[in-house]
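First the structure, in the form of structure tokens, and then the observations on it.
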Amino acid sequence: MVKRQQLIERYPIPWTEEQVAAFRDTLLAWYDQTGRDLPWRQDQDPYKIWVSEIMLQQTQVATVIPYYYRFIEELPDVAALAQADEDTLLGLWQGLGYYSRVKNMKVAAQQIETDFAGEFPQAYQDLLTLKGIGPYTAGAIASIAFNQAEPAMDGNLIRIVSRLFEIEEDVTLTATQHKIRAYLYQLIDPERPGDFNQALMDMGAMVMTPHQDRPDPHPLKDFDQSYQHQTSHLYPVKKAKLKASKHTYLAYVIQNAAGQFLMRRHTDQELLSGLWHFPLVEQDMVMETVSRGELIDPLWRDFGQDLQALGIKNEALKLLHNRNQYQQTDFNHYGQVKHVFSHRIWQCQLVPLILSPAEEMTDSVNWPEDFIWIDASKLDQIPISTLQKKLLQARLPFDPK
DNA sequence: AAAACGGGGCG
DNA sequence: CGCCCAGTTTT
């Protein structure tokens, strides 16, 4: 945990004191006039703040309100929650989702009884020790219930600050969140920290929304760099996460009569280039049952040329057990391997084949350099990828070790 | 620091 | 149905 003073020194806010004061006044004036009047804003009972914050983590305000009333009526304080039985809790939570969180709340209530003598802890660091309370909820309770100048940094506050200052760094990075937290430390109104946080939450939910396509004038526009430049829609900057695309592969485990495996070195154009693998062929759909042809054809389509150059005839490739139809369950028996790259996910289905000795080889004229037959005992002498190691670990009808 | 978790809501 | 969300927990 980086200390507050360290962060402020590392990231001084690029505003004058007058600007900061004007920002607070503008924000709180808007909140006093326009902010939402919500049930848990009636008083500063930390228990009620806590219950509402946990509920709001997962559901919209309108949905939470009836649940909130019911919960508080049934379990009005920490002591009641600490003693509540599981069925009561689940009943009160039914329909909200994330049921483990209400279980965490009961654990936290018991922590309050045992670790804090039943007195709701006030210090941010103490709040963090409670099950289910992380940085956001600890900040919300410390500021709203106990008037401490702690930011409640949720998605709303991150979005607003990133727009105000046009923060170009990826907000998913820890360093960027530190910078935003540092700015919030300097912005938060020490006189009304709870209202300050709730004002920003309301602003984020009602005005400076995520999909703010048309940058309307808004109450904070004079403080909003992204409004001045009409760039609000560009913030917050998030890592262009190439959503990992999913791909299915058949991994052919081909063994000859001598017990050697056929392996292929990936070319420069491929992923994992230079490393040796069982021949892999992408498959765009997985079928319930496949005929021999449906299983062998993809291999032949991609590598038939090479296999012929190796002296392998199509007919010499036999499915294990020599069956014509393969059920999906047969596949499961041979195992699958999942491999995750940063940008793609490969699901590999092992396909064990044997090369029929009787019609095994013809003479090879020009041996393709990218293919070898290799003894299982020598697999550790060639460079292979983690994926290939996983394939070797997968359940096979024969033991490659 | 990154991944796992989690179940309702959404396209 | 599969993906996404937004925080906490776990590794």
Side-chain angles (χ1 to χ4, degrees), chain A residues 1-2 7 40 49-68 71 86 89-112 121 124-144 150-162 169-181 184 197-198 200-205 208-212 235-248 284-286 338-345 347 386 390:
Chain A
M1 170 60 68
V2 189
L7 283 183
W40 44 90
I49 307 297
W50 176 37
V51 171
S52 71
E53 288 300 338
I54 298 296
M55 286 183 171
L56 287 165
Q57 276 173 20
Q58 61 222 22
T59 316
Q60 295 180 337
V61 169
T63 311
V64 160
I65 289 174
Y67 281 90
Y68 171 80
F71 197 98
E86 190 107 326
L89 291 179
L90 291 178
L92 288 168
W93 212 260
Q94 194 156 62
L96 282 177
Y98 291 90
Y99 299 97
S100 65
R101 307 215 171 187
V102 73
K103 296 176 196 167
N104 286 344
M105 285 183 77
K106 172 170 173 166
V107 173
Q110 292 170 331
Q111 284 179 284
I112 293 174
Y124 177 80
Q125 293 298 337
D126 286 340
L127 290 165
L128 279 181
T129 67
L130 299 175
K131 191 86 170 164
I133 294 187
Y136 163 73
T137 311
I141 296 172
S143 65
I144 299 169
E150 292 289 345
M153 203 170 88
D154 71 348
N156 287 311
L157 272 68
I158 289 173
R159 181 173 64 256
I160 292 172
V161 171
S162 78
E169 298 94 331
D170 181 346
V171 296
T172 67
L173 299 177
T174 306
T176 311
Q177 301 218 353
H178 283 165
K179 178 172 173 177
I180 293 172
R181 177 167 283 271
L184 284 167
N197 281 328
Q198 295 184 93
L200 284 179
M201 292 180 209
D202 282 10
M203 187 68 73
M208 299 174 74
T209 55
H211 301 290
Q212 199 183 34
Y235 302 91
V237 174
K238 287 185 186 170
K239 181 169 46 189
K241 51 180 169 195
L242 342 153
K243 60 161 187 187
S245 52
K246 292 185 176 176
H247 304 263
T248 307
D284 46 15
M285 71 180 297
V286 179
K338 184 182 183 185
H339 191 69
V340 181
F341 299 90
S342 57
H343 58 311
R344 55 179 60 209
I345 299 171
Q347 186 74 37
T386 304
K390 288 186 205 166

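The basis for the numbers below is simple: all heavy atoms, side chains too, and nothing from hydrogens, waters or symmetry mates. Letters A, B, ... are given to chains in the order of the sequence lines, protein chains preceding strands, and every chain is numbered from 1.
The separation between A/Gln177 atom CD and C/dG7 atom C1' is 11 Å, rounded to whole Å. Atom-to-atom, CG of A/Asn156 to C1' of C/dG7 comes out at 12 Å; the value is rounded to the nearest Å. Distance OH (A/Tyr67) to C1' (B/dG8): 11 Å, rounded to an integer number of Å. Taking atom CE on A/Met55 and atom P on C/dG7, their separation rounds to 17 Å, with Å as the unit. Computed from coordinates, the A/Gln60 CD to B/dG9 C1' distance equals 9 Å when rounded to whole Å. When the P atom of C/dG7 is taken as reference, atom CD1 of A/Ile180 falls 12 Å away, rounded to whole Å. The separation between A/Gln57 atom CD and C/dT8 atom C1' is 8 Å, rounded to whole Å. Note: CZ (A/Arg181) to C1' (C/dG7) measures 13 Å, nearest angstrom.
The structure places CD1 of A/Ile144 at 15.0 Å from CH2 of A/Trp50, a figure rounded to the nearest 0.5 Å. Interatomic distance, A/Gln177 CD to A/Glu169 CD, rounded to the nearest 0.5 Å: 12.0 Å. The NZ atom of A/Lys131 sits 14.5 Å away from atom CD1 of A/Ile112, with the distance rounded to the nearest 0.5 Å. In this structure, CG in A/Leu157 is found 5.5 Å from CG in A/Leu184, a value given to the nearest 0.5 Å.
If you check residues 89-100 of chain A against DNA chain B, the residues with a heavy atom closer than 4.0 Å are A/Gly95, A/Gly97, A/Tyr98, A/Tyr99, listed by number.
Looking at heavy-atom distances under 4.0 Å, A/Thr59 makes no contact with the nucleic acid at all.
The main-chain N or O of A/Glu150 is found under 3.5 Å from a side-chain atom of A/Asn197 such that the two form a donor-acceptor pair.
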Query raised in the report: For A/Asn104 and A/Arg101, what are the C-alpha separation, side-chain angles and deciding distance, and is it a side-chain hydrogen bond (donor to acceptor under 3.5 Å, both in side chains)?
Result: CA-CA 5 Å; A/Asn104 286 344; A/Arg101 307 215 171 187; over 6 Å; no
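A/Lys106 is linked by a salt bridge (Lys or Arg N to Asp or Glu O under 4.0 Å) to nothing, counting only residues two or more places apart in sequence or in another chain.
With contacts defined as side-chain heavy-atom distances shorter than 4.5 Å, the pair A/Val171/A/Val237 does not qualify.
Between A/Trp93 and A/Tyr98, the shortest heavy-atom distance links the atoms NE1-O, 3.8 Å.
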Considering only nitrogen or oxygen atoms on both sides, find all protein atoms under 3.5 Å from nucleotides 9-11 of chain C and state each distance.
{"unit_1": "C/dT9", "atom_1": "OP1", "unit_2": "A/Gly132", "atom_2": "N", "d": "2.2"}
{"unit_1": "C/dT10", "atom_1": "OP1", "unit_2": "A/Lys131", "atom_2": "NZ", "d": "3.4"}

